[in-house]
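Notes follow the structure.
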Amino acid sequence: MNDEVINGIRRRVEQCRRLAGLINHAEARQTLLQMAKEGEADIKRLQDERSDGTPPTA
């Protein structure tokens with residue numbers, strides 16, 4: 001997996017967390033935090049796949 005892709009996901013995770021800290025709407029905040037959590041899970045999955053030689057899944 002290309003480091004550029006993982007770095008892009010990291011930037012979006014950071015942006016979601018930053019926005020969640022700035023807004024005053026509970027549902028939107030929770031949605032952004034959930035998106036960040038899912039992005040972190042995607043990063044972990046991609047890194048695990050890369051380290052064990054498994055091709056990336058769609």
Side-chain angles (χ1 to χ4, degrees):
M1 176 56 50
N2 188 330
D3 286 338
E4 187 176 323
V5 173
I6 292 174
N7 289 336
I9 297 170
R10 281 194 179 110
R11 284 190 299 272
R12 287 189 294 277
V13 165
E14 291 170 8
Q15 184 177 32
C16 285
R17 292 198 184 285
R18 188 171 46 252
L19 290 171
L22 295 174
I23 61 173
N24 218 12
H25 188 278
E27 186 177 350
R29 182 180 315 111
Q30 285 307 110
T31 299
L32 287 163
L33 292 173
Q34 181 62 37
M35 290 170 64
K37 184 177 178 181
E38 291 169 3
E40 289 170 339
D42 288 342
I43 290 168
K44 181 176 180 348
R45 180 181 52 81
L46 292 170
Q47 289 175 328
D48 289 348
E49 288 173 354
R50 179 176 23 184
S51 67
D52 71 10
T54 305
T57 58

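All residue numbers refer to positions in the sequence shown, counting from 1.
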Per-pair distances, 0.1 Å, donor-acceptor, side chain in residues 5-12, under 3.5 Å, sequence neighbours excluded:
residue	atom	partner	partner atom	Å
N7	OD1	R10	NH1	3.4
N7	ND2	D3	O	3.2
R12	NH1	G8	O	3.4

Margin query: Strictly by salt bridge (Lys or Arg N to Asp or Glu O under 4.0 Å), give each pair with a member in residues 17-40 just once, sequence neighbours left out.
Written below: R17-E40
Notebook entry, point to check: Going hydrophobic residue to hydrophobic residue with side-chain gaps under 4.5 angstrom, can you get from V13 over to L46?
Noted result: yes
Notebook entry, point to check: To the nearest 0.5 Å, what is the distance between CG (L32) and CD (Q30)?
Noted result: 9.5 Å
Check: Between OG1 of T31 and CD1 of I23, what distance do you get to the nearest 0.5 Å?
Finding: 8.0 Å
